[in-house]
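Take a look at the structure below.
All of these numbers come straight from a predicted model, not from anything done at the bench.
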Amino acid sequence: MHTTDPEIPTITQYTFDRLIGAGGETSALSRTYGGHLQVVVRGEMLVRPTRVLAADECLQLRPVASRTSAPEAARTFACVRVIGDGVLVVAREGGEFIPLRLREDTCFFASDALWALEPSLSWEIGALPGSRRDGAPIELVRVKGTGLVALRVASPILAVKVTPGSRRRILADALVGWIGGVVVGVDDDRDFLRCEGEGAVYVSDPEAGGEGTTR
């Protein structure tokens, strides 16, 4: 006798729960089922196309002119301009994508954590003087304005509050970025960074991810 298991979805429901590229008012940057990054391009987006799972054929990838304020910057911010009208899906590869909205904010992000941003945002690459990560200075991207960004990290982000009366030390390898009037410098112990001023510093445990995680 045929029976129906209520926990098993119909194939139609299963499909719709995982559907991408269906149009509508989808945000420019969002997470798909399974945590991949969906990029909806309406003219242009800046994206790091590391492992593309799916993309509309009409989309074109163009190089991005370098914007650097520091000659010692490693320039590993490997984003490209994606031009057209369509959808691109980038694999999470063991990391966790975090889309965020800036509203006239100024933030600094470690370049190896920044995966996509809207062209409405202004950005510039620099390097943290005296810092080292894998033998090169920690490269930072200064992002300013209103629009969406997507970060990829190994584990959930913590925001460490910094005030004039509470300086902080953070593990250099854990740095994701910061917001506000935070000044970050290299501590006497070069494995750590010294944070002072006022704002919040974002950190993520670099050892928390599995194979394929970038941080």
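L128 is not connected to V183 by any chain of hydrophobic side-chain contacts under 4.5 Å among Ile, Leu, Val, Met, Phe, Trp and Tyr, and they are in different clusters. Linking Ile, Leu, Val, Met, Phe, Trp and Tyr residues whenever their side-chain heavy atoms come within less than 4.5 Å leaves I83 and W123 in two separate clusters. Under a hydrophobic clustering in which Ile, Leu, Val, Met, Phe, Trp and Tyr are joined whenever their side-chain heavy atoms come within less than 4.5 Å, directly or via other members, L102 and I179 fall into the same cluster. By the rule that hydrophobic residues join a cluster once side-chain heavy atoms approach within less than 4.5 Å of another member, V203 and V186 end up as members of one cluster.
Taking every heavy atom of both residues into account, S204 and I157 meet most closely at CB-CG1, 4.5 Å. Heavy-atom minimum distance, V182 versus C195: CG1-CB, 4.3 Å. Taking every heavy atom of both residues into account, G86 and D56 meet most closely at CA-OD2, 3.0 Å. Taking both residues in full, the closest heavy atoms of L121 and G147 are given as CD2-N, 3.7 Å, listed atom of the first, atom of the second, then distance.
Judged as a salt bridge (charged side-chain N to carboxylate O under 4.0 Å, His left out), and not counting sequence neighbours, D85 has no contacts. For R169, the salt bridge (charged side-chain N to carboxylate O under 4.0 Å, His left out) partners at least two apart in sequence or on another chain are D187. Under the side chain to side chain donor-acceptor pair (under 3.5 Å) criterion, E198 pairs with no residue, sequence neighbours left out.
Taking 4.5 Å as the limit, every side-chain heavy atom of V89 sits out of range of all side-chain heavy atoms of V39. Between L29 and M45, the closest side-chain pair of non-hydrogen atoms falls below 4.5 Å. No side-chain heavy atom of D105 sits less than 4.5 Å from a side-chain heavy atom of V143. Side chains of V184 and W178 form a contact here, defined as non-hydrogen atoms less than 4.5 Å apart. Side chains of L46 and V64 form a contact here, defined as non-hydrogen atoms less than 4.5 Å apart. P99 is listed as a side-chain neighbour of R31, based on a closest heavy-atom distance under 4.5 Å. Between L61 and P49, the closest side-chain pair of non-hydrogen atoms falls below 4.5 Å. Side-chain contact check for I170 versus L175: some heavy-atom pair is nearer than 4.5 Å.
Looking only at distances, a side-chain donor or acceptor of S131 sits under 3.5 Å from a matching main-chain atom of I138. Under a 3.5 Å cut-off, the side chain of E118 and the backbone N or O of L148 do form a donor-acceptor pair. Formation of a donor-acceptor pair under 3.5 Å by the D205 side chain with backbone atoms of E207 is found in this model. A donor-acceptor pair under 3.5 Å is formed between the side chain of R168 and the backbone N or O of K161. Looking only at distances, no side-chain donor or acceptor of S27 sits under 3.5 Å from a matching main-chain atom of S30. Side-chain atoms of T15 come within 3.5 Å of backbone N or O of I11 as a donor-acceptor pair. Not a single donor-acceptor pair under 3.5 Å links the side chain of R81 to the backbone N or O of E44. The backbone N or O of T146 sits less than 3.5 Å from a side-chain atom of S120, completing a donor-acceptor pair.
Ion pair E93/R152 flagged as a salt bridge, since at least one NZ, NE, NH1 or NH2 atom sits closer than 4.0 Å to an Asp/Glu carboxylate oxygen.
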Problem set entry | Audit row: V80, R62, side chain to side chain contact (heavy atoms under 4.5 Å, CB included) steps and yes/no | CA-CA 6 Å; V80 300; R62 304 279 177 81; over 6 Å; no

For this session: Evaluate the side chain to side chain contact (heavy atoms under 4.5 Å, CB included) criterion for residues Q38 and V87: first the C-alpha distance (whole Å), next the side-chain angles of each, then the deciding distance (0.1 Å), finally the verdict.
Result: CA-CA 7 Å; Q38 177 173 275; V87 175; 3.8 Å; yes

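Y14 carries R18 over the face of its six-membered ring, with the cationic atom under 6.0 Å from the centre and within 45° of the normal. The side-chain tip of R92 does not point at the ring of F97 from less than 6.0 angstrom away and within 45° of straight on.
Surrounding CZ of R103 are at most 12 heavy atoms belonging to other residues, nucleotides or ligands under 6.0 Å away.
Distance NZ/K144 to CZ/F108: 10.0 Å, rounded to 0.5 Å. Of the inter-residue distances, the one linking L37 atom CG with L88 atom CG reads 8.0 Å to the nearest 0.5 angstrom.
Only one option out of I98, V153, L151, V90 pairs with W115 in a side-chain contact (heavy atoms from CB on, under 4.5 Å); it is V90.
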